[in-house]
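Here is the structure we will look at, set down as C-alpha cells.
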Amino acid sequence: MIIDVAAAMAVIQAGGVVAIPTETVYGLAASASSEAGVAKIFALKSRPQTNPLIVHVSDAVTCFDACEHLPPHLEQLVRTFWPGPLTVVVPVVAEAFSPLIRANLPTCAFRCPNHALTQELIAAVGPLVAPSANISGKPSATHHDHIAHDFGPHFPVLGGGKTAQGVESTILIYSKDRWYLGRHGALPVAAIEAVLGYTLEMKQSDVPLCPGQLFRHYAPNAHLCLTKAPKGDCIVGFTDRVYPPSSRLFFLGDSTKPHEVAKNIYHCLRQLDKENIREAEVDINVPTDGLWSTILERLNRASSR
Ligand code: TXA
Ligand code: MG
C-alpha cells in the first residue's frame, strides 16, 4: 500500500516499520531510536540478531558525531559520494545507537541515501535503520510490487516505483588504519580507490556467520547455472543476443549497458519464481570490471546451493 511522507512519519514515530525507497533497493525502515521498531524489522525479515543494520542518515554530522575517532579519508569519502550508494562501517562510541542495531559490535554502518522522499522522512523523524526489504536470503526489492509480494498488499510503502540503481550500496569497512571493501555494490570500486589513493582489499566482516551472510543469497527458488554459452530450455540473458529459438528467455537487459542490467537483476530473478522455473542457465559472457563485478557477485551468490 503506497503512502506519503506524512503517513510514513506517523508509522515511524509510533514505533512501526515502513518500506522506504532508496536509489539502490527498498529498505525496511524503523526509527534508530525505537527499540520496538528495530526489533520488528528483525522479526519481519526473519533476520538473526547477529546481523547488524545500516543507520540511514540525512547528513554526515550524525555519522561523524558517533565516531570514536574520525578515520582518515572519511570526510573526503562522504563529501564525494553522499548522498549516494556508499555505506561506511566505522568504530563508534559506546553510547552511539543501540546494541541491537549494531549486533553488539564496536562499529556501526552509516549511509546517506539519495532519494528525495526518504531524505525528507529522515530529516523529519531522525536516523532510520533499514536492511533491504526482502525475506532474508531472497532477491532484494527494487519495485513496490516486490514489497507487496514479500510482506503482503497492505504493507506500507513510501512513494513507490522502481529504484534507480537496482543493486545495494557498496560497503567500506574501516579497520586498523585502512579501508577495506565489505561488499561490492552500486558504487564502483575504482571511483572509491581514486579518492583513497590505494587499492581496496576485500574484508570478510567481523560479523559472525549467520543465514543472511551465508554465501547463498539474493537467490530465487530456481537452480541457476552460470555459463558463457547458454543453450538450455530456460535462459537468463541479454536483449541484444541471439539464443536457441526453443529456449524460454528471461532478460537482464542489454549486454553493453551494466546500469540497465543492475537495475533489472532482482526483478528478473523474482520473475523466475513467479513463473515457477526450476532451472535456468544464466549468460555470464560479460566483462568483469566496474559494475559488472557487482552483477557477477550477485549472480554467483544467487546460484550457489
Ligand atoms: O543499499 C543498501 O545498502 C540497502 C538500502 C536499503 O540502504 N541496505 C542493505 O541493508 O543492503 P542489508 O541489511 O541488506 O545489508 C547490510 C549489510 C549486511 O550484510 C550487514 O551484515 C552489514 O551491512 N553491516 C551492517 N553493519 C555492519 C557492521 N557494523 N560491521 C560489518 N558489517 C555490517
Ligand atoms: Mg540485504
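Ligands are counted one by one from 1 in listed order, and the atoms in each one are counted from 1 as well. Residues: numbered from 1 along the sequence shown.
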So, are D283 and R241 salt-bridged, with charged N and O less than 4.0 Å apart?
-> yes

If you count the non-hydrogen atoms of other residues, nucleotides and ligands that lie under 6.0 Å from NE2 in H69, is the total more than 12?
-> yes

Return the minimal non-hydrogen interatomic distance between S132 and V25, and the atom names on each side.
-> CB-CG2, 3.9 Å

N-O pairing of R183 and E297 below 4.0 Å | no

Short list, please: which atoms of ligand 1 are under 4.0 Å from a heavy atom of I171?
-> 17 (C), 23 (O)

In terms of atom number and element, which parts of ligand 1 are under 4.0 angstrom from non-hydrogen atoms of N51?
-> 18 (C), 20 (C), 21 (O)

Start with the C-alpha gap between R178 and Y198, add the side-chain angles, then the distance that decides, and say whether side chain to side chain donor-acceptor pair (under 3.5 Å) holds.
-> CA-CA 10 Å; R178 253 185 118 75; Y198 56 84; 5.2 Å; no

Would you check the N or O atoms of S169, main chain and side chain alike, for any that come under 3.5 Å of an N or O of ligand 1?
-> yes

R270/D150 salt bridge by N-O under 4.0 Å criterion | yes

Should you measure from each heavy atom of G27, which atoms of ligand 1 turn up under 4.0 Å away?
-> 6 (C)

Given the rule that I, L, V, M, F, W and Y join up when any side-chain heavy atoms are under 4.5 Å apart, are L28 and V157 in one cluster?
-> yes

P131 heavy atoms within 4.0 Å reach ligand 1 at atoms 10 (O), 12 (P), 13 (O)

Heteroatom test (N, O or S) for Y218 near the Mg ion (ligand 2), limit 2.8 Å | no

Going by the atom numbers of ligand 1, which of them fall below 4.0 Å from some non-hydrogen atom of T107?
-> 28 (C), 29 (N), 30 (N)

When you check the gap from the basic side-chain N to the acidic O, do R111 and E23 get nearer than 4.0 Å?
-> yes

Would you tell me which option among Q165, H115, H56 has the nearest heavy-atom contact to atom 7 (O) of ligand 1?
-> H56

Polar atom proximity, T24 to ligand 1 (N or O, under 3.5 Å) = yes

Between T22, V90, V89, N134, which one has a non-hydrogen atom sitting closest to atom 30 (N) of ligand 1?
-> V89

Atom 11 (O) of ligand 1: which of K203, R102, R183 has the nearest heavy atom?
-> R183

Trace of the ring pair (Phe, Tyr, Trp, His ring centres under 6.0 Å) decision for Y266 with Y218 = CA-CA 8 Å; Y266 292 128; Y218 317 107; 5.7 Å; yes

Between E23 and ligand 1, find which residue part has any heavy-atom pair under 4.0 Å and reply side chain, backbone, both or neither.
-> neither

Flag E168 as yes when one of its N or O atoms lies below 3.5 Å from any N or O atom of ligand 1, and as no otherwise.
-> no

4.0 Å heavy-atom contact, R111 with ligand 1 | yes

